[in-house]
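Letters go in sequence order (proteins before strands), and every chain restarts at 1. Bear in mind the structure is a predicted one, so any value in this text is a computation, not a measurement.
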Amino acid sequence: MSGVNTTFLGGHATKSGLPEARDRTQIDKIIQEASKGSKFYAFQQRREQRIAEKVAALQIKKTQLSTGYSKAEQETRKWLADAESRRILERTYLHIDMDAFFAAVEVLRRPELATVPMAVGGESMLSTSNYVARTFGVVAAMPGYIARKLCPHLIIIPPDYTAYRAAGAKVHEVLRSYDPNMSSFSLDEASLDITDYLARSSATPEEVTEELRGRVLRASNLTCSAGVGCSRQLAKIGSNVNKPNGQFILPPDPEKILEFLKKQPVKRINGIGKVTAKILEDLLKVVTCADIISQATWIRLLFSEIQSEFLLLSALGMGSAFGDGDGSERKSMSVERTFKKIDALSDMQVVLKKLCKRLAEDLLEEEWAGKTVSIKMKTAAFDTLTRAVTLENPVSTDEEIYKHASKLLSKNKPPDLRLLGVRLSGLTTDAPRYRCLDDFAHEPVERPSCPVCTQSIDAHPDDTLRINEHIDKCLVPQSNLVPQSKKPRRTLDAFFNKSGPL
DNA sequence: ATACATACC
DNA sequence: TACTGGTATGTAT
């Protein structure tokens, strides 16, 4: 093993293929040189080692299971036939992927950037690059300083999310006219169910997609690529086929679908990343979706049921891709920051406090509270540690979150850190508005007492509005006209702030 | 419930 | 000099 695979160094170009000014080996060499000797490089080496061990363990498992293979093969055949019989071809999905989105928005403002290598991001990380930069091997998720080694003339533009949001909103508006329930994964990608639209319009999917892309272009001055298929997953894979500024229509025909997937590398499947792709290749020589089918028995024998079912269904083009379902509620909220290495607990606490404040602000905006507080620590060597506590009652203020987070930190303080994060999960919306009046009437409760006048307040302990009204009156006795805070919790928080840490 | 790993943009 | 941040989910314990 000569060095870390550049796929693990942020250099991989699984993105759309343009002719490259430099060939792949040359690019890989430059990335290697730029990374060698860094802590990050060492970390990736350890990571690759771990993956190699995992593959070795699976290889042993494979030899041990070889006697049961033929029986398992019968079952696999049955499983595949059964799955095939349930294929759904009736709905039509369209996946939209904006071309080099952030970079394209920047080009709108500064057209001269269209013809020079340019990327959006910072010295430590790039979000995207334009197509000129890609010919140098400069891609998203690559550190800016490495990108400069590949392309010394690269122009790096700091991101302007406000502009991207505005551009994204224009695009979404167009998309919603094709599917009002359109779900967008991010600013630059969206999945539409266009079955109803097609039924109404009597135009072909090709025509509708051309028209849609034309409308997106006119509304935003941005180009996009589109894929159409009978599942969201297929539509998404298809959107990559004729990128940029192109489209691909996959007919709802099982034979055409399988023929299309045959050539697709497994890495194209949403949910298969570089680790899974490497394990599949090293263990079973699986590279394409067709390989998944031909190795289906081993996949079922060696991987978990969830994992193998996902892989096989995906390879058949029947995967229920992410976003297929609900689109549901948020499950957690978190904040994390990377910084120059720190060693002292007190410095860590200062950062942690800021993170908690930020998290509390974000929580307040959507009125969430949560029962599980977690912290995430990344050492200077890039090892990640997480620690969590689950509480009796949901919390939402920075003081409460910090109280638990800092306990977790001091109990587990690593020698050094390059990143800290706080997360709140087990979320509930903390407003008492879902309680009906009956709850208040029947529950025997203790009256809360006022921290100012120390008298008991004639209100339920959850009734922060009335409690705050009372406290406000005590705090400002000369005024009868107490302006009602829209966010009652704030008043109480402000009152107790003095006793909080820092 | 907790820790860790993988994935996506 | 320098390798993100936010969210979800799968796996193992």
Side-chain angles (χ1 to χ4, degrees), chain A residues 4 6 8-11 14-15 31 34-35 37-44 47 50-51 54 97-98 100-102 120-128 139-149 156 158-159 161 164 168 184-190 236 267-279 303-311 321-323 325-341 355 358-359 362 371-378 380-391 408 412 418-427:
Chain A
V4 172
T6 49
F8 288 84
L9 291 172
T14 353
K15 281 272 170 194
I31 295 173
S35 317
S38 68
K39 298 223 164 111
F40 183 75
Y41 187 87
F43 169 72
Q44 291 296 13
R47 214 160 81 97
R50 236 183 299 131
I51 294 164
K54 198 170 164 186
D97 195 332
M98 302 303 294
F101 184 55
F102 294 178
V120 175
E123 289 306 303
S124 56
M125 192 48 65
L126 301 179
S127 310
T128 188
V139 293
M142 174 181 279
Y145 71 97
I146 289 178
R148 279 193 209 286
K149 303 233 157 137
I156 298 181
Y161 291 100
Y164 311 147
S184 61
F185 308 122
S186 61
L187 284 173
D188 74 326
E189 254 186 292
K236 181 172 163 75
K267 182 68 191 56
R268 286 279 163 83
I269 296 170
N270 202 309
I272 300 186
K274 44 196 174 184
V275 174
T276 311
K278 182 158 171 56
I279 291 173
F303 295 88
S304 74
E305 199 178 331
I306 290 173
Q307 183 83 340
S308 53
E309 187 165 306
F310 162 74
L311 290 169
F322 308 98
D326 24 36
S328 64
E329 289 248 286
R330 139 185 323 282
K331 298 209 168 46
S332 75
M333 199 178 252
S334 63
V335 186
E336 68 185 52
R337 235 21 42 121
T338 297
F339 37 78
K340 208 175 294 215
K341 184 190 87 143
L355 293 171
R358 179 54 194 271
L359 181 57
D362 294 348
K371 289 215 285 196
T372 304
V373 176
S374 324
I375 64 166
K376 173 173 165 182
M377 298 163 283
K378 184 143 74 179
F382 287 89
D383 292 307
T384 299
L385 308 160
T386 59
R387 292 292 179 270
V389 257
T390 298
L391 312 165
L408 292 172
N412 299 281
R418 73 183 326 272
L419 169 145
L420 255 179
V422 207
R423 167 188 310 273
L424 198 64
S425 50
L427 297 184

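- A distance-only check finds a donor-acceptor pair linking the side chain of A:Ser35 to the backbone of A:Ile31 [under 3.5 Å].
- Using atom C1' as the reference point in both B:dA7 and C:dA2, the two lie 25 Å apart (nearest Å).
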All N/O pairs under 3.5 Å across the protein-nucleotides 11-13 of chain C interface:
{"from": "C:dT11", "atom 1": "OP1", "to": "A:Ser304", "atom 2": "OG", "distance (Å)": "2.6"}

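- In this structure, CD of A:Glu309 is placed 16 Å from C1' of C:dT9, rounded to the nearest angstrom.
- Annotation: the span from A:Ile51 atom CD1 to A:Lys274 atom NZ amounts to 9.0 Å, rounded to 0.5 Å.
- Expressed to the nearest 0.5 Å, how far CZ of A:Phe303 lies from CD1 of A:Ile279 amounts to 6.5 Å.
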Check: Reading nucleotides 1-7 of chain B from the 5' end, what letters show protein touch, with B for base, S for backbone sugar-phosphate only, - for no heavy atom under 4.0 Å?
Finding: SSSBSSS
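- Between A:Ser332 and C:dT7 there is no side-chain polar atom (N or O) within less than 4.0 angstrom of OP1 or OP2.
- For the OP1/OP2 pair of C:dA8 and a distance below 4.0 Å, the side-chain nitrogens and oxygens of A:Arg330 include no atom meeting the criterion.
- If you take CG of A:Leu187 and P of C:dG5, they are 18 Å apart, rounded to a whole angstrom.
- The CE atom of A:Met125 sits 8 Å away from the P atom of C:dC3 (whole-angstrom rounding).
- Atom C1' of nucleotide B:dC9 and atom CG of A:Leu126 are separated by 14 Å, given to the nearest angstrom.
- Looking at heavy atoms from C-beta onward, A:Gln307 lies in side-chain contact with A:Thr276 at the 4.5 angstrom threshold.
- Ion pairing between A:Glu123 and A:Arg148 holds under the 4.0 Å rule for side-chain N and carboxylate O.
- Using a 4.0 Å heavy-atom distance criterion, A:Glu189 is classed as a sugar-phosphate-only contact.
- Nucleotides of DNA chain C nearest to A:Ile146 and A:Arg358 differ in position, and the one nearer the 5' end is that of A:Ile146.
- The interatomic distance linking A:Met142 (CE) with B:dC9 (P) rounds to 17 Å, in whole Å.
- A distance of 9.5 Å separates CE of A:Met125 from CE of A:Met142, quoted to the nearest 0.5 Å.
- Rounded to the nearest 0.5 Å, atoms CD (A:Glu336) and CG (A:Leu419) are 5.0 Å apart.
- In this structure, the separation between OG on A:Ser127 and OH on A:Tyr161 is 4.0 Å, given to the nearest 0.5 Å.
- Within the 4.0 angstrom heavy-atom criterion, no nucleotide atom of any strand lies near A:Lys376.
- The line from CG of A:Leu385 to CE of A:Met377 is 5.0 Å long, rounded to the nearest 0.5 Å.
- Note: NZ (A:Lys331) to C1' (C:dG6) measures 14 Å, nearest angstrom.
- Straight-line distance from the CG atom of A:Leu359 to the P atom of C:dG6: 10 Å, rounded to whole Å.
- Atom-to-atom, CG of A:Leu419 to P of C:dC3 comes out at 11 Å; the value is rounded to the nearest Å.
- If you check every strand for non-hydrogen atoms under 4.0 Å, A:Ser334 touches a base.
- The base of C:dC3 sits within donor-acceptor range of the side chain of A:Ser35, with an N or O pair under 3.5 Å.
- In this structure the side chain of A:Leu420 reaches within 4.5 angstrom of the side chain of A:Phe339, judged on heavy atoms.
- The side chain of A:Arg337 contributes an N or O atom lying less than 4.0 Å from OP1 or OP2 of C:dG6.
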